[in-house]
Structure formats: C-alpha cells, structure tokens
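In what follows, chains are A, B, ... by sequence order, proteins preceding strands, each numbered from 1.
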Amino acid sequence: AQKITQTQPGMFVQEKEAVTLDCTYDTSDPSYGLFWYKQPSSGEMIFLIYQGSYDQQNATEGRYSLNFQKARKSANLVISASQLGDSAMYFCAMSALGDMRFGAGTRLTVKP
Amino acid sequence: EAGVAQSPRYKIIEKRQSVAFWCNPISGHATLYWYQQILGQGPKLLIQFQNNGVVDDSQLPKDRFSAERLKGVDSTLKIQPAKLEDSAVYLCASSLNLAWGETQYFGPGTRLLVL
C-alpha cells in the first residue's frame, strides 16, 4: 500500500528566505512518481514539480527544487527566495499505478 | 491551452437532495479523475476513467455516488441522496494517459455544502 506523510501541519518563513517542506513516502513499487502541488485559498491544485523514481538528478523548476533521497524515501520541497504569494497549502503526492495518493498537506505562511 | 473546467463552482443543498457536478478535461487527455477533498485533508481519489472506461472506483461510495464519462471526454459526478458528511470540495483532474509518471492537472473544484 502507498502512503504519503507530511509531518509539518504549518510552517512560517520570512520573505526572501528559503524553506524546506518535508515529505516521506512508502511504497513497494519500483516505479513511481512524486509530485508537489500548491493549493492557494482559491482551492485550485497547482502542479509545481515532479520527480520520477528512476531519475538520478533532483528536479528543479524555477524557485522550486525537490530533494529526492530514495534510500530514505523522502522527497522534500525546497522553495528558494520565498515570496508573499507563496503562502498556501502544499501537498506532496505519489503515483505508482496511476492512482495518486496525497499527504495531509503543510500550510506555509510567508511573513513580510 | 485551456485547463480543466468544472461547474458549478459552489453548491448548497439540503441533505437527502441530489446534486451533479460537471468536468471537462484538457483536450486530448485520456485519463480523468474525480477527487473528494474534505476540509483540512488532502484529496482522496473517488474514481478514475481511461477514455470512457472505469479504471478504479474502489473508493467511490456506490450506494450514493455515481459517475460517468460516456463519450470519453467530459464527465459528471452525481450524489443521490446527499449526506452531511459529503460537504467537501470535489476536484476533477486529467492527465495525458494512465501511467505512474503522468502529471495530473486539476480544475478549480466545486465546493459543496450539505445542510
């Protein structure tokens, strides 16, 4: 069975600083994808970044990077140079057979 | 490229009433998903379609929920009769295909309140 764990219900970060959001996962499938989504108060889930289980390099997308440690089964999201617009819920998700499972989410608040 | 469209955006109904949600996926996306997101939780998959066939509906409460994707494009999710615990955001998503590495793109969701 797949499981995604996000242990930080809430995080605060000062504007322009970097922040790391934690995510651990559990699966017995060798092939899987790891995703991070942002959900602002408007409710829409916005895709941020993807990491495949066979990818050797950590994924990066602009200010977002994914710190993938396969042996530890962790896929932490790093946001550099935080902006006020980054305040939102962030969800880690995993897909092994096409069905995506989500963590409980982390609420990030960026302070001016 | 247009994103995933959903309607209505908001719905308030009394318990035991019925309600239907509509979703139009991104053009060309073969796989369509319906999720339920209860306040304070991550989305939970209800059902997924590959073209017009059901791939997984193991978490769909079939005594009251139904979904269809007749022509392999848009889809409707129905609840009949609604219960108080059905109050949630219903998210529709689509992906190019059904594979472990496919990114799912979400619509704006429908917020349902059951009184």
ask   = Under 3.5 Å, is there a donor-acceptor pair linking the side chains of Gln36(B) and Tyr90(B)?
value = yes
message = Please rank Lys44(B), Gln6(B), Gln37(B) by heavy-atom pairs under 4.5 Å with chain A and give me the top one.
response = Gln37(B)
ask   = Within 45 degrees of the axis of the six-membered ring of Phe12(A) and under 6.0 Å from its centre: does Lys111(A) put its NZ or CZ there?
value = yes
note = The interface call for Gln51(A) against chain B, heavy-atom contacts under 4.5 Å, is neither
note = Checking heavy-atom separations under 4.5 Å from chain B, one finds in residues 56-69 of chain A none
query = Ile13(B) pairs by side chain to side chain contact (heavy atoms under 4.5 Å, CB included) with which of Val114(B), Leu115(B), Leu113(B), Asp86(B)?
reply = Val114(B)
remark   = The interface call for Arg107(A) against chain B, heavy-atom contacts under 4.5 Å, is neither
inquiry  = Looking at chain B, which one of Gly52(A), Gly33(A), Cys92(A) has the largest number of heavy-atom pairs inside 4.5 Å, strictly under?
reply    = Gly33(A)
query = Arg64(B) side chain to Pro81(B) main-chain N or O, any donor-acceptor pair under 3.5 Å?
reply = yes
request  = Verify the distance criterion only: is there a donor paired with an acceptor across the side chains of Ser82(A) and Glu15(A) at less than 3.5 Å?
outcome  = no
key: Thr106(A) side chain to Gly10(A) backbone, donor-acceptor under 3.5 Å   = no
query = Heavy atoms, side chains only, cut-off 4.5 Å: are Phe91(A) and Gln6(A) in contact?
reply = yes
key: chain B contact via Ser42(A) - side chain, backbone, both or neither, heavy atoms under 4.5 Å   = backbone
query = Looking at Asp26(A), Thr24(A), Thr5(A), which one forms a side chain to side chain donor-acceptor pair (under 3.5 Å) with Lys73(A)?
reply = Asp26(A)
